[in-house]
There are 2 protein chains.
Amino acid sequence: MMDTLLTKKDFTIVDTSSLVDKVEASLVQLLQERKLKVGDAIPKEIELGETLGVSRTVIREALSRLRMMGLIETKKKKGAVITSPDLFGIMGKSMNPHILSQETLKEIFEIRLVLEIGMADLLFRRITLEDIEELKAIVSNEPPATQYHLFNIEHEIAFHGKLYEITGNETMKKFQKMLLPVFDYVHNSGLLKKQPLLKTFLSHKGLVDILENGSPEAFRNGMRDHLENHFARLFE
Amino acid sequence: MMDTLLTKKDFTIVDTSSLVDKVEASLVQLLQERKLKVGDAIPKEIELGETLGVSRTVIREALSRLRMMGLIETKKKKGAVITSPDLFGIMGKSMNPHILSQETLKEIFEIRLVLEIGMADLLFRRITLEDIEELKAIVSNEPPATQYHLFNIEHEIAFHGKLYEITGNETMKKFQKMLLPVFDYVHNSGLLKKQPLLKTFLSHKGLVDILENGSPEAFRNGMRDHLENHFARLFE
DNA sequence: GATTTGTATTATGTATGACATAATAAAGGT
DNA sequence: ACCTTTATTATGTCATACATAATACAAATC
């Protein structure tokens with residue numbers, strides 16, 4: 001037998017994607033290129049099937065995906081119309097800590113830290129007196145910080161969640177909400193090194209003080225300090 | 001006719017979701033609750049149809065959605081196995097600037113700023129000498145900053161994209177890549193107020209200097225300054 | 001006997017036809 | 001004009017059949 005030493009490069013890669021995949025891509029492209037606005041209707045399933053030369057089954061599966069992504073909404077008799085999708089609503093379904101790779105989980109955890117440090121300017125721009133009062137109420141209910149506290153998740157979420165709310169950025173808030181189960185998981189699983197030193201750094205109360213009297217710059221540094229334990233765990 | 005003054009609260013909300021929606025939710029829940037690991041197989045379509053009491057058509061549409069989300073992969077004869085999803089790959093398809101609401105676009109733009117300011121610690125932790133050299137090469141090719149530059153998008157992407165790369169956070173990098181068309185759109189469309197003052201703030205070169213000799217804190221402040229024009233446009 | 005080749009099996013992929021259901025339009029009655 | 005009924009239309013669901021690809025196992029070749 002001749003050893004022809006053929007390599008992958010010698011072949012033209014065959015397209016292994018299914019018809020549904022192609023139709024889906026075709027439809028998404030349709031939405032992207034034609035400047036279709038929200039509310040515009042798209043052709044009926046049967047018409048699509050005829051123009052694309054596939055059965056209604058395939059069309060329906062592809063449309064089902066678009067529907068799940070929130071790109072379209074369908075009503076009987078009326079057909080399908082384009083809608084403004086909820087970016088993170090979809091992603092929430094696949095945000096399953098048990099399935100995501102450890103590397104991805106770690107990265108998501110990092111992103112949280114990045115967001116909370118970087119959000120300072122949004123906070124100072126949009127915070128109200130009521131917000132500050134609410135934050136004060138939250139920290140006042142806080143259990144005293146003990147040296148070996150496995151910190152109170154409830155309070156963590158209440159405080160940091162409120163910060164996301166103050167930014168006024170709904171997209172970011174949804175993002176945070178979606179990530180909550182991940183944080184929970186990362187904390188509990190031994191994914192990160194055990195809490196290394198657990199020195200108590202700048203407290204929630206300290207952060208509120210900065211929000212009341214300080215500057216974005218001061219808040220960034222304060223938050224960085226507040227999150228030091230997390231950073232230390234990430235960086236081994 | 002009696003005006004009974006009935007309100008929504010008086011009715012039990014009818015479930016308007018389709019069978020496919022329910023099956024999809026049921027399957028997602030299955031993946032979440034059972035601690036199914038990557039690689040585990042799920043029942044065959046026909047079995048699922050029998051246990052859930054629906055036709056194979058419905059099962060297939062639901063599975064098609066999971067497949068699109070990257071939660072499962074299916075192969076003929078073998079069936080479906082659980083996979084680790086690409087979180088942002090899916091979202092990219094619905095990231096269509098023409099369809100997203102103006103408010104969402106603005107918020108996404110904000111998130112970019114937040115990320116780039118907050119990423120300082122990751123940068124300093126992971127940057128290498130080669131990275132610095134590469135950044136220097138990028139800025140050296142930069143056209144001189146003119147007062148009225150409608151800044152060079154190419155260079156913006158090259159420089160800031162490299163920063164995301166340096167973070168070593170693949171998830172964040174994917175996020176950035178996904179957002180590129182949005183930035184392009186936001187810049188071009190009149191969504192944000194016209195460039196207000198266009199003073200030249202801290203340059204790319206200045207940021208590289210900080211990365212080489214400075215601290216995370218200095219970088220955060222530097223990046224904040226660098227992005228001042230964007231902030232100004234966001235905050236009217 | 002080990003490797004290859006053919007063949008059967010099995011589960012997904014696609015197509016088609018049928019009917020149910022809901023939303024809309026049209027027609028009809030008062 | 002207003003309300004009701006009827007017809008129409010497009011999606012939602014089901015059932016069935018066949019195509020296709022992956023796998024396992026038997027058969028053939030050396």
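Convention: sequence-line order gives letters A, B, ...; per-chain numbering from 1. Keep in mind the model is a prediction, meaning the values are calculated, not measured.
When the side-chain nitrogen and oxygen atoms of A:Thr74 are compared with OP1 and OP2 of D:dG12, one or more of them lie within a distance under 4.0 Å. OP1 and OP2 of C:dA15 both lie 4.0 Å or more from every side-chain N or O belonging to A:Arg60.
As rounded to whole Å, 14 Å separates atom P of C:dA11 from atom CG of B:Leu63. For the pair A:Lys44 NZ and D:dT8 C1', the computed distance is 13 Å after rounding to whole Å. For A:Ile59 and D:dA10, the CD1 to P distance is 15 Å, given to the nearest whole Å. Summarising the geometry, the separation between CD on B:Glu61 and C1' on C:dT12 is reported as 15 Å, rounded to the nearest angstrom. At whole-Å resolution of the value, CD1 in A:Ile46 and P in C:dT16 are 12 Å apart. Atom CD in B:Glu50 sits roughly 12 Å away from atom P in C:dA11 (whole-Å rounding). C:dT12 atom C1' lies 13 Å from atom CG of A:Asp21, rounded to whole Å.
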Heavy-atom contacts, protein to nucleotides 14-22 of chain D, under 4.0 Å, summarised as B (base), S (sugar-phosphate only) or - (none) per nt, yield B--B--BBB

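Judged by distance alone, with hydrogens and angles left aside, the side-chain atoms of A:Glu107 form a donor-acceptor pair with the main-chain N or O of B:Glu170 at under 3.5 Å.
Under the side-chain hydrogen bond (donor to acceptor under 3.5 Å, both in side chains) test applied with A:Glu228, the options A:His226, A:Arg224, A:His230 reduce to a single match, A:Arg224.
The CD atom of A:Glu134 lies 3.5 Å from the NZ atom of A:Lys162; values are rounded to the nearest 0.5 Å. Rounding to the nearest 0.5 Å gives a distance of 9.0 Å between CG of B:Leu71 and CD of B:Glu24. Distance check: A:Met119 CE to A:Tyr164 OH gives 4.5 Å after rounding to the nearest 0.5 Å.
Under the ring pair (Phe, Tyr, Trp, His ring centres under 6.0 Å) criterion, A:Phe159 pairs with A:His204, sequence neighbours left out.
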